[in-house]
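Please read the structure below before turning to the comments.
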Amino acid sequence: MQIQVKCSCGAESCPEWAIVELQGAVEVQPSFQDRLQNLVIGELCRPSSQENYTFTVGYHELTGSKVTLKKPLLVLKKLKSMDLDQGSENGPAEVELDVIGIIRHKILFKTRPRALISKPQPTVK
């Protein structure tokens with residue numbers, strides 16, 4: 001079976017994506033198990049003058065860096081279209097994949113998280 005890959009956005013204007021790689025696991029509280037889509041788990045920041053990234057999850061802060069992948073990855077969307085040469089509706093479907101993005105970099109967080117402990121507010125006398 002031949003799978004055709006097409007890029008509808010154009011080779012030069014294809015959106016760039018990135019991978020966020022964490023060491024360990026991110027566990028979701030049981031109350032959010034059924035609502036994972038669009039769930040905010042933290043805040044990813046990069047100071048404009050540096051190549052380091054910070055990822056804040058709750059009271060933990062991770063520090064990472066941008067790494068270039070040896071081979072870029074494609075983000076694909078599967079499209080199905082029926083094979084009209086077969087002449088039957090139950091024949092094998094021809095599969096096409098549409099490129100919706102390309103991944104050339106990953107943000108790697110390989111150190112242990114740092115605990116963010118806030119100072120208690122001073123009492124006013």
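What you see is a predicted model; the values in this text were computed from it and never measured.
Applying the side-chain contact (heavy atoms from CB on, under 4.5 Å) rule to Lys71 yields no partners; only residues at least two apart in sequence or on another chain are considered. Not a single salt bridge (Lys or Arg N to Asp or Glu O under 4.0 Å) links Arg112 to another residue, sequence neighbours left out. Taking the side chain to side chain donor-acceptor pair (under 3.5 Å) definition, one finds that Arg46 meets it with nothing, sequence neighbours left out. Considering only residues two or more places apart in sequence or on other chains, Leu73 meets the side-chain contact (heavy atoms from CB on, under 4.5 Å) condition with Ile19, Leu69, Ile103.
Smallest separation of non-hydrogen atoms from Lys78 and Leu97: CA-CD2, 3.8 Å. Between Ile100 and Trp17, the shortest heavy-atom contact is O-NE1, 4.0 Å.
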**Message:** Set out, in order, the CA-CA distance, both residues' side-chain angles and the distance that settles side-chain contact (heavy atoms from CB on, under 4.5 Å) for Leu44 and Ile107, then state yes or no.
**Reply:** CA-CA 10 Å; Leu44 180 66; Ile107 303 170; 4.1 Å; yes
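Counting only residues at least two apart or on different chains, the salt bridge (charged side-chain N to carboxylate O under 4.0 Å, His left out) pairs with a member in residues 15-24 are Glu16-Arg104, Glu21-Lys106.
Through chains of ILVMFWY side-chain contacts below 4.5 Å, Leu108 is grouped with Val67.
Contact annotation: the side chain of Leu76 approaches that of Val99 to within less than 4.5 Å [non-hydrogen atoms, C-beta and beyond].
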Going by atom type alone, with no hydrogens or angles, which donor-acceptor pairs under 3.5 Å involve a side-chain atom of residues 54-66 and a protein atom two or more places apart or on another chain?
| unit_1 | atom_1 | unit_2 | atom_2 | d |
| --- | --- | --- | --- | --- |
| Glu61 | OE1 | Arg114 | NH2 | 2.3 |

